[in-house]
Amino acid sequence: MKFGISRDARPQAAILLTAAVISIVLWFIPFAEILTYPFRIFVTFIHEGGHAIAALLTGNSVESLSIATNASGETYTSQGGTISQMFVASAGYLGSMTFGALLLVLIRKTVAARVVLIGSATLILVLTLIYGLIKPIMSGFASSAMAFTILAGTLLSLGLVAVARYAKPRVAAFFVSFLAVQCILNALLDLKTVFFLSSPFAPSVQTDAVNMANATGIPAIFWTIIWIAVAFGMLWFVMRLYVVSRDAAVQPDLPFEDSPAV
């Protein structure tokens with residue numbers, strides 16, 4: 001059976017490809033990290049939000065969520081059982097991948113980019129106000145990163161709403177695609193870093209993989225490899241869903257075959 005890029009997906013695929021190319025090109029431009037810094041902070045919010053949501057889903061409480069100026073983050077939750085700890089530890093990197101994939105699926109399903117941006121802004125603002133401000137004060141987990149967390153979360157939320165309100169639909173769609181690419185690429189890059197930090201010869205650094213190792217007794221590098229495999233599987237699935245159609249009536253420009261041609 002042949003597969004091809006669906007005709008109705010081609011404009012969206014072109015926008016996604018442009019966003020991916022720009023993201024990669026920016027890696028090689030000196031000081032371009034200044035331009036991508038807000039997106040890096042956004043991805044960190046999603047990463048830490050993944051931990052927080054996973055904790056809540058497993059019946060635990062979230063004491064605080066903080067973002068540092070170097071785009072690292074910390075989320076403190078109550079400690080549940082082994083399964084709960086595994087779920088919470090895995091929800092950071094895989095949560096970023098899932099959120100990026102969700103953005104692509106929403107755009108592919110023709111959900112308005114403005115709606116997606118406002119939804120993302122709401123998520124960031126809720127995480128900021130509840131777990132970056134209110135809960136830390138109530139539970140005594142206030143830290144020096146609180147001020148930056150509140151500032152960054154507020155500015156990100158306002159920026160997302162501004163793009164949703166004032167940008168043209170095509171620009172808003174590109175912005176959502178760029179956010180999705182940033183979530184996915186940063187998750188993969190962070191997993192690469194964690195992979196090297198999980199090797200027996202690396203310096204001791206606290207990571208999500210180390211948290212998994214502490215919860216299960218299985219080496220951190222094993223969990224890192226599992227997360228990388230899941231991340232690439234998720235990426236393959238969502239890209240196939242995003243651009244490929246099984247519709248026999250579609251004339252494929254880029255054919256794929258699941259069996260050798262005869």
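Because only heavy atoms are used, hydrogens play no part in the values below, and waters and symmetry mates are left out as well, while side chains stay in. Predicted model only: the values in this text are computed from it and were never measured.
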Report yes if the side chains of [X] and [Y] come closer than 4.5 Å at any heavy-atom pair, otherwise no.
| X | Y | value |
| --- | --- | --- |
| L94 | F87 | no |
| V161 | L117 | no |
| L160 | I118 | no |
| L151 | L155 | yes |
| T77 | Y131 | no |
| L235 | L188 | yes |
| D208 | V194 | no |
| M86 | W223 | yes |

Hey, quick one: are [X] and [Y] part of the same hydrophobic cluster, counting side-chain heavy atoms closer than 4.5 Å, chains of contacts allowed?
| X | Y | answer |
| --- | --- | --- |
| I225 | V205 | no |
| I124 | L158 | no |
| I46 | V111 | yes |
| M212 | V210 | no |
| V88 | L123 | no |

Legend entry - Distance-only donor-acceptor check, side chains N211 and Q206, under 3.5 Å: yes
Look up atom [atom1] in [X] and atom [atom2] in [Y], then write down how far apart they are to the nearest 0.5 Å.
| X | Y | atom1 | atom2 | result |
| --- | --- | --- | --- | --- |
| L103 | L179 | CG | CG | 6.5 Å |
| F45 | L127 | CZ | CG | 7.5 Å |
| T224 | L197 | OG1 | CG | 8.5 Å |
| N60 | Q85 | CG | CD | 8.5 Å |
| N70 | F148 | CG | CZ | 9.0 Å |
| F42 | S157 | CZ | OG | 9.5 Å |

Atom [atom1] of [X] with >12 non-hydrogen neighbours under 6.0 angstrom:
| X | atom1 | result |
| --- | --- | --- |
| Y76 | OH | no |
| E33 | CD | yes |
| Y37 | OH | yes |

Does [Y] offer a backbone N or O that forms a donor-acceptor pair with the side chain of [X] under 3.5 Å?
| X | Y | result |
| --- | --- | --- |
| T149 | A145 | yes |
| T75 | H51 | no |
| S199 | F196 | yes |
| T44 | S72 | no |
| S177 | A19 | no |
| N186 | Q182 | yes |
| S66 | M146 | no |
| R114 | A167 | yes |
| T58 | A55 | yes |

Where [X] and [Y] come nearest, the two heavy atoms and their spacing:
| X | Y | value |
| --- | --- | --- |
| T82 | A215 | CG2-O, 3.5 Å |
| A209 | S198 | CB-OG, 3.8 Å |
| S120 | F99 | OG-CZ, 3.6 Å |

Inset, instruction - Among I184, D190, V43, L191, find the residue that satisfies the side chain to side chain contact (heavy atoms under 4.5 Å, CB included) test when tested with S96. - result: V43
Inset, instruction - Determine, using ring centers only, whether F175 and F39 are less than 6.0 Å apart. - result: yes
Inset, instruction - Check the angle between the aromatic planes of H47 and Y93 and answer parallel, tilted or perpendicular using the 30° and 60° thresholds. - result: perpendicular
Show every donor-acceptor pair shorter than 3.5 Å between a side-chain atom in residues 132-140 and any protein atom, with sequence neighbours excluded, or say none if there are none.
residue	atom	partner	partner atom	Å
K135	NZ	V62	O	2.7
S139	OG	E63	O	3.3
S139	OG	K135	O	2.7

